[in-house]
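Please read the structure below before turning to the comments.
For ligands, and for the atoms within them, numbers begin at 1 and follow the listed sequence. Nothing fancy with the numbering, it's 1 onward along the sequence.
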Amino acid sequence: MSDQTVRELIIIGGGPAGYTAALYAARADLEPLVIEGFQWGGQLMITSDVENYPGYPDGVMGPEMMADFRRQAERFGADYITDDVTKVDFSEQPLRVWVGGDEYRARAVIVATGASARWLGIESEEHHKGRGVSACATCDAAFFRDKDVYVVGGGDSAFEEALFLTKFASRVHLVHRRDEFRASKIMVDRAEKNEKLDFVLGAVVEEVIGDVKVDALRLRSTATGETWQVAADGLFVAIGHDPNTSLFVDQLDHDENGYLVTKPGSTETNIPGVFAVGDVQDHTYRQAITAAGSGCMGALDAERFLATFEGHPGTALTANR
Ligand code: NAP
């Protein structure tokens, strides 16, 4: 199906950034079409309690919060397609977006496809996600008060997560597959001085053991292949994130890790009318609240951009700039 209507705005991605952009855009009468992804909700769908989002003093479950975000934008007229975008063409106006064989057109597009944590890719990890296995210490460390936890990774993220976890856990073990770290020296120094933290080097996590909760891990030596079991209450996987930008990297400016580049202090990309918000352009903060704030900025930037066009949705495009 080819929908020839030229909408004001398409938002790609249904996480805190995309839904907040949709809320602001819908309230500004831009009638946004949100192509939210087959698995809408983003990374918060694999988070249990969210205790650091202002406005929820008793905490909230991640999926419930995303359903609230979604419903709030819907109330003001956001339309949803619960499917994945498969292709985009931003080479000329109108901007074009495909979901399989269906084409949608708009004057402005906000990209809010987020980032995905890298996982180890073992079956038992999948089983325990949100139940003792996490990829976000900022989100989940407080649930591991006085517990014994393991962190996997040797980069700055792993050290940051491990150091943060020492504020809660009784013991934190950082497991790294090599005996040299990728993390900056200052992080390593800090970790080495922390009495709650120790290192298991030259090892990988082979299995998460436990029925409902995590009880133990099986580790494997990368040098000898020998395996052994350790008691553990939790596992934090901190082996990096990948921005979900494969659809865009041949058209939008990005850094060496694939994160979209926006103009300082704005959500504008290198293509007029295309904006990037949330984790897809932020590898520093990566919080629901910062993604939501960025989504708001994207909607305001898109609104400003659209004001430079004459006419109304569906009419011929006449750009004033
Ligand atoms: P990263 O630097 O790419 O480190 C990923 C780590 O995970 C590496 O040590 C890697 O091991 C390990 N790893 C990857 N896949 C693995 C697997 N399947 N099993 C076991 N280990 C695996 O990623 P990052 O730590 O997320 O950092 C990303 C960027 O953000 C970096 O530029 C970093 O400096 C920056 N950052 C900065 C800060 C800060 O300054 N406060 C905080 C966080 C991140 P190998 O070393 O063997 O490859």
Practice task
Answer with side chain, backbone, both or neither: which part of His176 has a heavy atom less than 4.0 angstrom from an atom of ligand 1?
Solution key: side chain

Handout entry: With Leu247, the side-chain contact (heavy atoms from CB on, under 4.5 Å) member among Asp84, Leu252, Thr113, Val85
Key = Val85

Exercise for the section: Please examine the side chains of Glu103 and Trp98, heavy atoms only from C-beta on, and report whether any two atoms are closer than 4.5 Å. Expected result: yes

Exercise for the section: Count the heavy atoms belonging to other residues, nucleotides or ligands that lie under 6.0 Å from CZ of Arg131, then report whether that count exceeds 12. Expected result: yes

Handout entry: Pick from Ala158, Gly153, Ser157: the one approaching atom 27 (O) of ligand 1 most closely through a non-hydrogen atom
Key = Ser157

Problem - Test of proximity, Glu160 against ligand 1: N or O pairs below 3.5 Å - result: yes

Handout entry: Nearest-neighbour protein heavy atom for atom 8 (C) of ligand 1, which is reported as residue plus atom name and distance
Key = Arg182 NE, 3.6 Å

Exercise for the section: Give the residue and atom name of whichever protein heavy atom lies nearest to atom 20 (C) of ligand 1, and the separation in Å to one decimal. Expected result: Arg177 CD, 3.8 Å

Exercise for the section: Would you indicate whether the side-chain heavy atoms of Leu219 and Val205 approach each other to under 4.5 Å? Expected result: yes

Practice task
For atom 10 (C) of ligand 1, state whether the nearest protein heavy atom is under 4.0 Å away.
Solution key: yes

Exercise for the section: Kindly confirm or rule out an N or O of Arg178 lying under 3.5 angstrom from an N or O of ligand 1. Expected result: yes

Handout entry: Interfacing atoms of ligand 1 (cut-off 4.0 Å, heavy-atom, Gly154)
Key = 6 (C), 7 (O), 8 (C), 9 (O)

Exercise for the section: List the closest protein heavy-atom neighbour of atom 21 (N) of ligand 1: residue, atom name, distance to the nearest 0.1 Å. Expected result: Ile239 CG2, 3.6 Å

Exercise for the section: Answer with yes or no whether the side chains of Gln287 and Tyr53 bring together a donor and an acceptor at under 3.5 Å. Expected result: no

Exercise for the section: Can you confirm whether something in the protein, heavy atoms only, sits under 4.0 Å from atom 25 (O) of ligand 1? Expected result: yes

Problem - Phe236 ring center near Phe164 ring center (under 6.0 Å) - result: no

Practice task
If you have a sec, work out which protein heavy atom is nearest atom 37 (C) of ligand 1 and how many Å separate them, to one decimal?
Solution key: Asp156 CB, 3.6 Å

Handout entry: Sub-4.0 Å protein heavy atom near atom 31 (C) of ligand 1
Key = no

Handout entry: Min heavy-atom dist His283 to ligand 1 below 4.0 Å
Key = no

Practice task
Within a distance under 4.0 Å of any heavy atom of Gly240, pick out the atoms of ligand 1 and give their elements.
Solution key: 23 (O), 26 (O)

Practice task
Check whether the side chains of His241 and Asn257 place a donor and an acceptor atom closer than 3.5 Å, and report yes or no.
Solution key: no

Exercise for the section: Please confirm whether His254 and Phe248 have ring centers closer than 6.0 angstrom. Expected result: no

Practice task
Flag the pair Gln251 / Asp89 as yes when at least one side-chain heavy-atom distance between them is below 4.5 Å, and no otherwise.
Solution key: yes

